[in-house]
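Here's the structure, in C-alpha coordinates; my notes come after.
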There are 2 protein chains.
Amino acid sequence: MFEQASLPRVAVSVDVVGFRLQSGEAGLELQVLLVRRLPPPFAWQWALPGGVLGADERLAACACRLLRERTGGAEFYLEQLYTFDALDRDPRGRTLSVAYYALLRGDAGEAPAERDAADARWWPVRRLPAGGMLAFDHAQVIRAAHERLRGKLDYAPLAFHLLPATFTMTQLRRVYEAIQERSYDPTNFPRAMLARFPGLAPVVGERDRTSKRPARVYRYEAPPA
Amino acid sequence: MFEQASLPRVAVSVDVVGFRLQSGEAGLELQVLLVRRLPPPFAWQWALPGGVLGADERLAACACRLLRERTGGAEFYLEQLYTFDALDRDPRGRTLSVAYYALLRGDAGEAPAERDAADARWWPVRRLPAGGMLAFDHAQVIRAAHERLRGKLDYAPLAFHLLPATFTMTQLRRVYEAIQERSYDPTNFPRAMLARFPGLAPVVGERDRTSKRPARVYRYEAPPA
DNA sequence: CCAAAAGTGTTATGCTTACACCCATGC
DNA sequence: GCATGGGTGTAAGCATAACACTTTTGG
(Lines give C-alpha, C1' and ligand atoms only; values in the text may rest on other atoms or scores of the structure.)
Protein backbone atom coordinates (compact mmCIF):
# COMPACT_ATOMS: atom_id res chain seq x y z
CA MET A 1 0.00 0.00 0.00
CA PHE A 2 2.95 2.30 0.55
CA GLU A 3 5.17 1.06 -2.26
CA GLN A 4 7.71 3.59 -3.41
CA ALA A 5 7.42 4.33 -7.07
CA SER A 6 10.87 5.44 -8.18
CA LEU A 7 13.02 6.76 -5.37
CA PRO A 8 16.65 7.28 -6.29
CA ARG A 9 18.53 4.26 -5.06
CA VAL A 10 22.21 3.70 -4.54
CA ALA A 11 24.28 0.57 -4.34
CA VAL A 12 25.19 -0.42 -0.78
CA SER A 13 28.03 -2.73 0.06
CA VAL A 14 29.27 -4.08 3.36
CA ASP A 15 32.96 -4.37 4.18
CA VAL A 16 34.41 -6.14 7.20
CA VAL A 17 37.67 -5.44 8.99
CA GLY A 18 38.52 -8.74 10.68
CA PHE A 19 41.16 -8.46 13.40
CA ARG A 20 43.10 -11.18 15.17
CA LEU A 21 46.31 -11.40 17.17
CA GLN A 22 49.12 -13.73 16.18
CA SER A 23 52.67 -14.10 17.34
CA GLY A 24 54.93 -12.50 14.76
CA GLU A 25 58.58 -11.50 14.76
CA ALA A 26 58.29 -9.07 17.69
CA GLY A 27 55.73 -10.75 19.94
CA LEU A 28 52.03 -10.53 19.29
CA GLU A 29 50.97 -8.52 16.28
CA LEU A 30 47.56 -7.30 15.22
CA GLN A 31 46.53 -8.77 11.90
CA VAL A 32 43.73 -7.99 9.47
CA LEU A 33 42.09 -10.33 6.98
CA LEU A 34 42.42 -9.33 3.32
CA VAL A 35 41.34 -11.04 0.12
CA ARG A 36 42.83 -10.71 -3.30
CA ARG A 37 40.35 -9.28 -5.77
CA LEU A 38 39.88 -11.15 -8.99
CA PRO A 39 37.36 -9.05 -10.96
CA PRO A 40 37.91 -5.41 -11.85
CA PRO A 41 37.97 -2.80 -10.57
CA PHE A 42 41.20 -3.09 -8.56
CA ALA A 43 41.77 -6.56 -9.99
CA TRP A 44 44.59 -8.47 -8.31
CA GLN A 45 44.80 -5.92 -5.48
CA TRP A 46 44.16 -6.76 -1.86
CA ALA A 47 40.84 -5.70 -0.33
CA LEU A 48 38.66 -6.21 2.70
CA PRO A 49 36.09 -8.99 2.53
CA GLY A 50 33.06 -7.21 1.15
CA GLY A 51 29.95 -7.69 -0.87
CA VAL A 52 26.65 -6.26 -1.90
CA LEU A 53 23.88 -6.05 0.67
CA GLY A 54 20.99 -8.36 -0.09
CA ALA A 55 17.61 -6.75 -0.60
CA ASP A 56 16.18 -8.24 2.58
CA GLU A 57 19.40 -8.75 4.46
CA ARG A 58 20.38 -7.05 7.71
CA LEU A 59 23.72 -5.24 7.61
CA ALA A 60 25.18 -7.22 10.51
CA ALA A 61 23.97 -10.48 9.00
CA CYS A 62 25.65 -9.56 5.74
CA ALA A 63 28.91 -8.79 7.55
CA CYS A 64 28.67 -12.12 9.37
CA ARG A 65 28.12 -13.96 6.13
CA LEU A 66 31.07 -12.28 4.40
CA LEU A 67 33.40 -13.02 7.26
CA ARG A 68 32.29 -16.62 7.69
CA GLU A 69 32.94 -17.28 4.02
CA ARG A 70 36.60 -16.54 4.71
CA THR A 71 37.14 -17.89 8.20
CA GLY A 72 34.95 -20.95 8.48
CA GLY A 73 32.98 -21.53 11.62
CA ALA A 74 35.00 -19.28 13.92
CA GLU A 75 33.12 -17.17 16.43
CA PHE A 76 33.66 -13.43 16.50
CA TYR A 77 32.55 -10.13 17.92
CA LEU A 78 31.04 -7.74 15.39
CA GLU A 79 30.34 -4.02 15.57
CA GLN A 80 29.29 -1.39 13.06
CA LEU A 81 32.12 1.02 12.37
CA TYR A 82 31.12 3.77 9.96
CA THR A 83 29.44 4.38 6.64
CA PHE A 84 31.85 5.54 3.96
CA ASP A 85 30.42 7.55 1.11
CA ALA A 86 33.09 9.25 -0.97
CA LEU A 87 31.70 9.79 -4.45
CA ASP A 88 34.68 8.24 -6.19
CA ARG A 89 35.35 5.35 -3.84
CA ASP A 90 34.10 2.87 -6.44
CA PRO A 91 34.90 3.61 -10.10
CA ARG A 92 31.82 1.63 -11.18
CA GLY A 93 29.58 4.28 -9.70
CA ARG A 94 28.18 5.59 -6.47
CA THR A 95 28.41 2.95 -3.78
CA LEU A 96 28.00 3.39 -0.05
CA SER A 97 30.05 1.09 2.13
CA VAL A 98 28.77 0.27 5.59
CA ALA A 99 31.90 -0.93 7.35
CA TYR A 100 31.98 -3.35 10.28
CA TYR A 101 34.88 -4.55 12.33
CA ALA A 102 35.23 -7.97 13.91
CA LEU A 103 37.43 -9.47 16.60
CA LEU A 104 38.50 -13.09 16.25
CA ARG A 105 40.51 -15.47 18.38
CA GLY A 106 44.15 -15.76 17.47
CA ASP A 107 43.75 -19.23 16.02
CA ALA A 108 40.77 -18.25 13.85
CA GLY A 109 41.03 -18.73 10.12
CA GLU A 110 43.90 -21.16 10.48
CA ALA A 111 42.10 -24.08 8.88
CA PRO A 112 39.42 -22.06 7.18
CA ALA A 113 36.63 -23.32 5.01
CA GLU A 114 37.84 -20.75 2.57
CA ARG A 115 35.78 -21.16 -0.52
CA ASP A 116 38.10 -18.81 -2.32
CA ALA A 117 40.99 -20.68 -0.79
CA ALA A 118 44.46 -19.23 -1.26
CA ASP A 119 43.41 -15.68 -2.07
CA ALA A 120 42.63 -14.82 1.55
CA ARG A 121 45.45 -13.91 3.93
CA TRP A 122 46.06 -12.36 7.32
CA TRP A 123 48.30 -9.30 7.15
CA PRO A 124 49.99 -7.43 9.98
CA VAL A 125 48.29 -4.07 10.35
CA ARG A 126 51.72 -2.42 10.48
CA ARG A 127 52.79 -4.11 7.25
CA LEU A 128 49.94 -4.11 4.79
CA PRO A 129 50.66 -5.39 1.26
CA ALA A 130 52.06 -3.01 -1.35
CA GLY A 131 52.75 -0.37 1.26
CA GLY A 132 49.08 -0.11 2.14
CA MET A 133 47.83 0.47 -1.41
CA LEU A 134 44.58 -1.44 -1.05
CA ALA A 135 41.50 -1.51 -3.25
CA PHE A 136 38.82 1.17 -2.87
CA ASP A 137 39.22 3.24 0.33
CA HIS A 138 40.00 0.16 2.37
CA ALA A 139 43.25 1.50 3.80
CA GLN A 140 41.24 4.34 5.32
CA VAL A 141 38.61 1.89 6.61
CA ILE A 142 41.28 -0.19 8.34
CA ARG A 143 42.78 2.92 9.94
CA ALA A 144 39.35 3.92 11.26
CA ALA A 145 38.74 0.43 12.65
CA HIS A 146 42.16 0.35 14.28
CA GLU A 147 41.53 3.71 15.94
CA ARG A 148 38.13 2.59 17.17
CA LEU A 149 39.61 -0.57 18.62
CA ARG A 150 42.37 1.33 20.38
CA GLY A 151 39.95 3.90 21.72
CA LYS A 152 37.40 1.45 23.10
CA LEU A 153 39.81 -1.13 24.46
CA ASP A 154 40.29 0.64 27.78
CA TYR A 155 36.66 0.89 28.76
CA ALA A 156 34.86 -1.78 26.74
CA PRO A 157 35.30 -5.55 27.08
CA LEU A 158 36.78 -6.02 23.62
CA ALA A 159 40.09 -7.73 24.33
CA PHE A 160 38.40 -10.93 25.53
CA HIS A 161 37.12 -11.61 22.02
CA LEU A 162 40.70 -11.87 20.80
CA LEU A 163 41.48 -14.64 23.30
CA PRO A 164 40.19 -18.15 23.99
CA ALA A 165 37.36 -18.55 26.49
CA THR A 166 39.86 -18.93 29.32
CA PHE A 167 43.19 -17.17 29.54
CA THR A 168 45.86 -15.96 31.91
CA MET A 169 46.44 -12.38 32.94
CA THR A 170 49.74 -12.42 31.08
CA GLN A 171 47.94 -13.37 27.88
CA LEU A 172 45.43 -10.59 28.41
CA ARG A 173 48.22 -8.14 29.11
CA ARG A 174 49.99 -9.10 25.89
CA VAL A 175 46.80 -8.27 23.99
CA TYR A 176 46.71 -4.80 25.47
CA GLU A 177 50.40 -4.27 24.90
CA ALA A 178 50.14 -5.32 21.25
CA ILE A 179 47.18 -3.05 20.48
CA GLN A 180 48.15 -0.01 22.54
CA GLU A 181 51.82 -0.38 21.72
CA ARG A 182 52.96 0.28 25.28
CA SER A 183 53.87 -1.88 28.24
CA TYR A 184 51.81 -2.47 31.36
CA ASP A 185 53.06 -3.28 34.85
CA PRO A 186 52.50 -7.02 35.29
CA THR A 187 51.56 -6.61 38.95
CA ASN A 188 49.14 -3.73 38.60
CA PHE A 189 47.55 -4.91 35.38
CA PRO A 190 45.45 -7.72 36.89
CA ARG A 191 44.09 -5.43 39.61
CA ALA A 192 43.12 -2.81 37.04
CA MET A 193 41.35 -5.37 34.84
CA LEU A 194 39.42 -6.95 37.70
CA ALA A 195 38.33 -3.50 38.88
CA ARG A 196 37.25 -2.36 35.41
CA PHE A 197 35.40 -5.49 34.25
CA PRO A 198 33.02 -7.04 36.77
CA GLY A 199 32.45 -9.96 34.42
CA LEU A 200 36.10 -10.97 34.70
CA ALA A 201 36.73 -13.68 37.31
CA PRO A 202 39.19 -16.51 37.94
CA VAL A 203 38.24 -20.08 37.10
CA VAL A 204 38.56 -21.89 40.41
CA GLY A 205 40.31 -25.20 39.96
CA GLU A 206 42.07 -24.56 36.69
CA ARG A 207 45.68 -23.46 36.21
CA ASP A 208 47.81 -22.75 33.20
CA ARG A 209 51.07 -24.70 33.27
CA THR A 210 52.82 -23.41 30.15
CA SER A 211 55.19 -21.21 32.11
CA LYS A 212 57.33 -21.90 35.18
CA ARG A 213 54.87 -21.24 37.97
CA PRO A 214 51.27 -22.31 37.23
CA ALA A 215 49.22 -19.24 36.42
CA ARG A 216 45.67 -18.46 37.45
CA VAL A 217 43.16 -18.81 34.63
CA TYR A 218 40.39 -16.27 34.04
CA ARG A 219 37.12 -16.14 32.17
CA TYR A 220 35.04 -13.17 31.07
CA GLU A 221 31.28 -13.40 31.19
CA ALA A 222 29.28 -10.42 29.94
CA PRO A 223 27.19 -9.06 32.81
CA PRO A 224 23.41 -9.12 32.25
CA ALA A 225 22.57 -5.87 30.38
CA MET B 1 34.03 1.04 -18.49
CA PHE B 2 33.15 -0.42 -15.13
CA GLU B 3 29.42 0.34 -15.13
CA GLN B 4 27.41 -1.98 -12.94
CA ALA B 5 24.68 -3.76 -14.84
CA SER B 6 22.00 -4.55 -12.26
CA LEU B 7 23.24 -4.68 -8.73
CA PRO B 8 20.52 -4.89 -6.11
CA ARG B 9 19.98 -1.39 -4.79
CA VAL B 10 18.25 -0.16 -1.67
CA ALA B 11 16.75 3.18 -0.78
CA VAL B 12 18.97 5.25 1.49
CA SER B 13 17.69 8.10 3.57
CA VAL B 14 19.48 10.50 5.89
CA ASP B 15 17.99 11.57 9.22
CA VAL B 16 19.37 14.31 11.44
CA VAL B 17 19.08 14.65 15.20
CA GLY B 18 19.47 18.39 15.80
CA PHE B 19 20.23 19.29 19.41
CA ARG B 20 20.15 22.68 21.13
CA LEU B 21 19.94 23.92 24.70
CA GLN B 22 17.20 26.28 25.79
CA SER B 23 16.06 27.51 29.17
CA GLY B 24 12.93 25.65 30.13
CA GLU B 25 11.02 25.24 33.37
CA ALA B 26 13.92 23.72 35.30
CA GLY B 27 16.93 25.55 33.93
CA LEU B 28 18.56 24.58 30.65
CA GLU B 29 17.01 21.66 28.83
CA LEU B 30 18.26 19.67 25.87
CA GLN B 31 15.93 19.98 22.92
CA VAL B 32 15.67 18.13 19.62
CA LEU B 33 14.21 19.39 16.36
CA LEU B 34 11.20 17.47 15.04
CA VAL B 35 8.96 18.02 12.04
CA ARG B 36 5.38 16.99 11.60
CA ARG B 37 5.01 14.52 8.75
CA LEU B 38 2.36 15.32 6.18
CA PRO B 39 2.52 12.40 3.72
CA PRO B 40 2.03 8.78 4.73
CA PRO B 41 3.42 6.68 6.19
CA PHE B 42 3.22 8.01 9.75
CA ALA B 43 1.18 10.98 8.53
CA TRP B 44 0.66 13.68 11.13
CA GLN B 45 3.24 12.11 13.44
CA TRP B 46 6.41 13.84 14.53
CA ALA B 47 9.68 12.75 12.93
CA LEU B 48 13.30 13.76 12.57
CA PRO B 49 14.18 15.95 9.61
CA GLY B 50 15.05 13.43 6.94
CA GLY B 51 15.10 12.84 3.25
CA VAL B 52 16.35 10.69 0.47
CA LEU B 53 20.03 10.79 -0.41
CA GLY B 54 20.68 12.32 -3.80
CA ALA B 55 22.43 10.13 -6.34
CA ASP B 56 25.60 12.24 -6.30
CA GLU B 57 25.23 13.75 -2.86
CA ARG B 58 27.57 13.19 0.07
CA LEU B 59 25.87 11.96 3.23
CA ALA B 60 27.10 14.87 5.35
CA ALA B 61 26.05 17.35 2.69
CA CYS B 62 22.60 15.81 2.62
CA ALA B 63 22.34 16.09 6.40
CA CYS B 64 23.46 19.73 6.20
CA ARG B 65 20.86 20.46 3.58
CA LEU B 66 18.04 18.84 5.56
CA LEU B 67 18.94 20.71 8.71
CA ARG B 68 19.38 24.06 7.01
CA GLU B 69 15.92 23.75 5.48
CA ARG B 70 14.53 23.81 9.00
CA THR B 71 16.84 26.14 10.85
CA GLY B 72 17.84 28.78 8.34
CA GLY B 73 21.43 29.91 8.19
CA ALA B 74 22.49 28.74 11.63
CA GLU B 75 25.91 27.17 11.98
CA PHE B 76 26.22 23.73 13.53
CA TYR B 77 28.51 20.83 14.29
CA LEU B 78 27.68 17.63 12.44
CA GLU B 79 28.78 14.05 13.02
CA GLN B 80 27.72 10.71 11.63
CA LEU B 81 25.93 8.65 14.26
CA TYR B 82 24.97 5.20 13.00
CA THR B 83 23.32 3.43 10.10
CA PHE B 84 19.95 1.94 11.01
CA ASP B 85 18.77 -0.97 8.95
CA ALA B 86 15.82 -2.77 10.54
CA LEU B 87 13.85 -4.47 7.78
CA ASP B 88 10.53 -3.03 8.88
CA ARG B 89 11.63 0.46 9.81
CA ASP B 90 9.83 1.89 6.77
CA PRO B 91 6.53 0.26 5.73
CA ARG B 92 7.10 1.35 2.14
CA GLY B 93 9.97 -1.05 1.81
CA ARG B 94 13.58 -1.61 2.71
CA THR B 95 15.24 1.68 3.52
CA LEU B 96 18.55 2.26 5.23
CA SER B 97 18.82 5.37 7.35
CA VAL B 98 22.22 6.93 7.86
CA ALA B 99 21.69 9.04 10.96
CA TYR B 100 23.67 12.17 11.84
CA TYR B 101 23.49 14.33 14.89
CA ALA B 102 24.05 18.07 15.02
CA LEU B 103 24.78 20.58 17.75
CA LEU B 104 23.34 24.08 17.41
CA ARG B 105 23.60 27.22 19.47
CA GLY B 106 20.74 27.80 21.86
CA ASP B 107 19.28 30.61 19.81
CA ALA B 108 19.32 28.63 16.57
CA GLY B 109 16.09 28.07 14.76
CA GLU B 110 14.41 30.91 16.59
CA ALA B 111 13.70 32.98 13.51
CA PRO B 112 14.14 30.17 11.03
CA ALA B 113 13.75 30.34 7.31
CA GLU B 114 11.48 27.40 7.78
CA ARG B 115 10.02 26.65 4.41
CA ASP B 116 7.62 24.24 6.02
CA ALA B 117 6.95 26.88 8.65
CA ALA B 118 4.83 25.85 11.59
CA ASP B 119 5.32 22.10 11.29
CA ALA B 120 8.83 22.18 12.77
CA ARG B 121 9.30 22.45 16.52
CA TRP B 122 11.94 22.01 19.17
CA TRP B 123 10.98 19.41 21.79
CA PRO B 124 12.63 18.70 25.12
CA VAL B 125 14.39 15.35 24.89
CA ARG B 126 12.81 14.37 28.20
CA ARG B 127 9.31 15.20 26.95
CA LEU B 128 8.92 14.09 23.38
CA PRO B 129 5.49 14.40 21.79
CA ALA B 130 2.94 11.63 22.28
CA GLY B 131 5.08 9.96 24.92
CA GLY B 132 7.89 9.42 22.45
CA MET B 133 5.80 7.67 19.79
CA LEU B 134 7.64 9.09 16.80
CA ALA B 135 7.58 8.07 13.16
CA PHE B 136 9.80 5.23 11.95
CA ASP B 137 12.47 4.23 14.48
CA HIS B 138 13.24 7.83 15.28
CA ALA B 139 12.76 7.47 19.03
CA GLN B 140 15.56 4.90 18.99
CA VAL B 141 17.71 7.18 16.82
CA ILE B 142 17.31 10.04 19.28
CA ARG B 143 18.22 7.78 22.19
CA ALA B 144 21.38 6.69 20.37
CA ALA B 145 22.32 10.29 19.59
CA HIS B 146 21.70 11.34 23.18
CA GLU B 147 23.90 8.54 24.48
CA ARG B 148 26.67 9.42 22.03
CA LEU B 149 26.52 13.05 23.06
CA ARG B 150 26.67 12.18 26.75
CA GLY B 151 29.49 9.73 26.21
CA LYS B 152 31.70 12.04 24.16
CA LEU B 153 31.06 15.24 26.08
CA ASP B 154 33.74 14.55 28.68
CA TYR B 155 36.63 14.04 26.29
CA ALA B 156 35.61 15.74 23.05
CA PRO B 157 35.07 19.46 22.50
CA LEU B 158 31.35 19.17 21.79
CA ALA B 159 29.81 21.49 24.35
CA PHE B 160 31.26 24.60 22.70
CA HIS B 161 29.04 24.07 19.67
CA LEU B 162 25.98 24.52 21.86
CA LEU B 163 27.16 27.97 23.00
CA PRO B 164 27.94 31.27 21.31
CA ALA B 165 31.52 31.91 20.17
CA THR B 166 32.35 33.44 23.55
CA PHE B 167 30.90 32.36 26.85
CA THR B 168 31.51 32.29 30.58
CA MET B 169 32.51 29.26 32.61
CA THR B 170 29.13 29.31 34.30
CA GLN B 171 27.41 29.04 30.93
CA LEU B 172 29.67 26.16 29.95
CA ARG B 173 29.02 24.49 33.28
CA ARG B 174 25.26 24.76 32.79
CA VAL B 175 25.66 22.95 29.44
CA TYR B 176 27.41 20.05 31.12
CA GLU B 177 24.93 19.96 33.97
CA ALA B 178 21.97 19.89 31.59
CA ILE B 179 23.35 17.08 29.45
CA GLN B 180 24.95 14.92 32.15
CA GLU B 181 22.14 15.60 34.62
CA ARG B 182 24.48 16.15 37.54
CA SER B 183 26.03 19.18 39.17
CA TYR B 184 29.65 20.27 38.95
CA ASP B 185 31.65 22.19 41.52
CA PRO B 186 31.78 25.79 40.22
CA THR B 187 35.33 26.27 41.47
CA ASN B 188 36.83 23.06 40.13
CA PHE B 189 34.94 23.04 36.84
CA PRO B 190 36.97 25.79 35.13
CA ARG B 191 40.26 24.15 36.08
CA ALA B 192 39.11 20.81 34.71
CA MET B 193 37.96 22.35 31.42
CA LEU B 194 41.15 24.35 30.89
CA ALA B 195 43.22 21.25 31.59
CA ARG B 196 41.19 19.03 29.25
CA PHE B 197 40.83 21.39 26.28
CA PRO B 198 44.00 23.19 25.20
CA GLY B 199 41.99 25.23 22.72
CA LEU B 200 40.01 26.83 25.52
CA ALA B 201 41.38 30.21 26.60
CA PRO B 202 40.08 33.44 28.12
CA VAL B 203 39.42 36.43 25.91
CA VAL B 204 41.67 39.12 27.33
CA GLY B 205 39.84 42.41 27.58
CA GLU B 206 36.28 41.17 27.48
CA ARG B 207 34.02 40.55 30.49
CA ASP B 208 30.45 39.38 30.86
CA ARG B 209 28.40 41.77 32.95
CA THR B 210 25.06 39.97 33.19
CA SER B 211 25.66 38.81 36.75
CA LYS B 212 26.83 40.71 39.81
CA ARG B 213 30.56 40.42 39.42
CA PRO B 214 31.84 40.65 35.84
CA ALA B 215 32.76 37.18 34.67
CA ARG B 216 35.70 36.16 32.56
CA VAL B 217 34.81 35.33 28.97
CA TYR B 218 36.28 32.33 27.14
CA ARG B 219 36.63 31.17 23.57
CA TYR B 220 37.35 27.74 22.18
CA GLU B 221 39.53 27.40 19.14
CA ALA B 222 40.09 23.95 17.73
CA PRO B 223 43.82 23.12 17.89
CA PRO B 224 45.49 22.46 14.51
CA ALA B 225 44.98 18.70 13.92
C1' DC C 1 69.90 -24.72 43.87
C1' DC C 2 69.06 -21.41 40.44
C1' DA C 3 66.37 -19.00 37.01
C1' DA C 4 62.01 -17.44 35.53
C1' DA C 5 57.54 -16.13 35.84
C1' DA C 6 53.36 -15.54 39.09
C1' DG C 7 51.56 -13.18 42.58
C1' DT C 8 51.28 -10.10 47.12
C1' DG C 9 51.99 -6.08 49.92
C1' DT C 10 53.36 -1.45 50.67
C1' DT C 11 54.74 3.04 49.65
C1' DA C 12 54.94 7.13 46.69
C1' DT C 13 52.73 10.21 43.64
C1' DG C 14 49.59 12.88 41.44
C1' DC C 15 44.96 14.08 40.31
C1' DT C 16 40.31 14.97 41.79
C1' DT C 17 37.25 16.71 45.16
C1' DA C 18 35.75 19.49 48.91
C1' DC C 19 35.58 23.63 50.96
C1' DA C 20 37.19 27.91 53.33
C1' DC C 21 37.85 32.31 51.96
C1' DC C 22 38.38 36.68 49.21
C1' DC C 23 36.66 39.81 45.29
C1' DA C 24 33.72 42.77 42.52
C1' DT C 25 29.59 44.35 41.55
C1' DG C 26 24.20 45.71 41.73
C1' DC C 27 20.89 47.33 44.51
C1' DG D 1 26.71 47.68 53.26
C1' DC D 2 25.06 43.49 52.08
C1' DA D 3 23.55 39.89 49.19
C1' DT D 4 25.07 37.44 45.04
C1' DG D 5 27.74 35.16 42.03
C1' DG D 6 32.93 35.09 40.38
C1' DG D 7 37.26 33.50 41.47
C1' DT D 8 41.63 31.74 44.28
C1' DG D 9 44.08 28.79 47.46
C1' DT D 10 44.68 24.70 49.98
C1' DA D 11 44.13 20.40 52.21
C1' DA D 12 41.97 15.81 52.33
C1' DG D 13 41.00 11.76 49.87
C1' DC D 14 41.31 8.52 46.34
C1' DA D 15 43.12 5.99 42.57
C1' DT D 16 47.12 4.85 40.02
C1' DA D 17 51.85 3.73 39.55
C1' DA D 18 56.24 2.03 41.18
C1' DC D 19 58.67 -1.45 43.24
C1' DA D 20 60.45 -4.57 46.89
C1' DC D 21 59.58 -9.06 48.04
C1' DT D 22 57.62 -13.88 48.32
C1' DT D 23 55.93 -18.11 45.90
C1' DT D 24 56.01 -21.91 42.77
C1' DT D 25 57.51 -24.35 39.43
C1' DG D 26 61.22 -26.42 35.58
C1' DG D 27 65.69 -27.59 34.75
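Order of the sequence lines sets the chain letters (A, B, ...), proteins ahead of strands, with each chain counted from 1.
Taking the six-membered ring for Trp, B:Tyr77 and B:Phe160 have ring centres at least 6.0 Å apart.
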Atom pairs and distances, donor-acceptor, side-chain atoms in residues 214-225 of chain B, under 3.5 Å, two or more places apart:
none

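In this view, A:Arg148 and A:Glu79 satisfy the salt bridge (charged side-chain N to carboxylate O under 4.0 Å, His left out) rule, not counting sequence neighbours. Taking the ring pair (Phe, Tyr, Trp, His ring centres under 6.0 Å) definition, one finds that A:His146 meets it with nothing, sequence neighbours left out. Residues passing the ring pair (Phe, Tyr, Trp, His ring centres under 6.0 Å) test with A:Phe136 are A:Phe42, A:His138, sequence neighbours excluded.
Straight-line distance from the OH atom of A:Tyr184 to the P atom of D:dT16: 13 Å, rounded to whole Å. B:Arg191 has its CZ atom 8 Å from the P atom of D:dT8, to the nearest Å.
Cation-pi geometry between B:Arg36 and B:Trp44 is met: under 6.0 angstrom from the ring centre, within 45 degrees of the axis.
Chain B approaches DNA chain C within less than 4.0 angstrom (heavy atoms of the protein), and the contacting nucleotides run 5' to 3' from C:dT17 to C:dG26.
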What pairs of nitrogen or oxygen atoms, one from the protein and one from nucleotides 5-7 of chain D, lie under 3.5 Å apart?
unit_1, atom_1, unit_2, atom_2, d
D:dG6, OP1, B:Thr170, OG1, 2.7
D:dG6, OP2, B:Thr170, OG1, 3.4
D:dG6, N2, B:Arg213, NH1, 2.8
D:dG6, N3, B:Arg213, NH1, 2.9
D:dG7, OP1, B:Arg216, N, 2.5

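Environment of CZ in A:Arg127: sparse, with no more than 12 heavy atoms of neighbouring residues, nucleotides or ligands closer than 6.0 Å.
Counted by atom type alone, A:Thr95 and A:Ser13 present zero donor-acceptor pairs between their side chains at under 3.5 Å.
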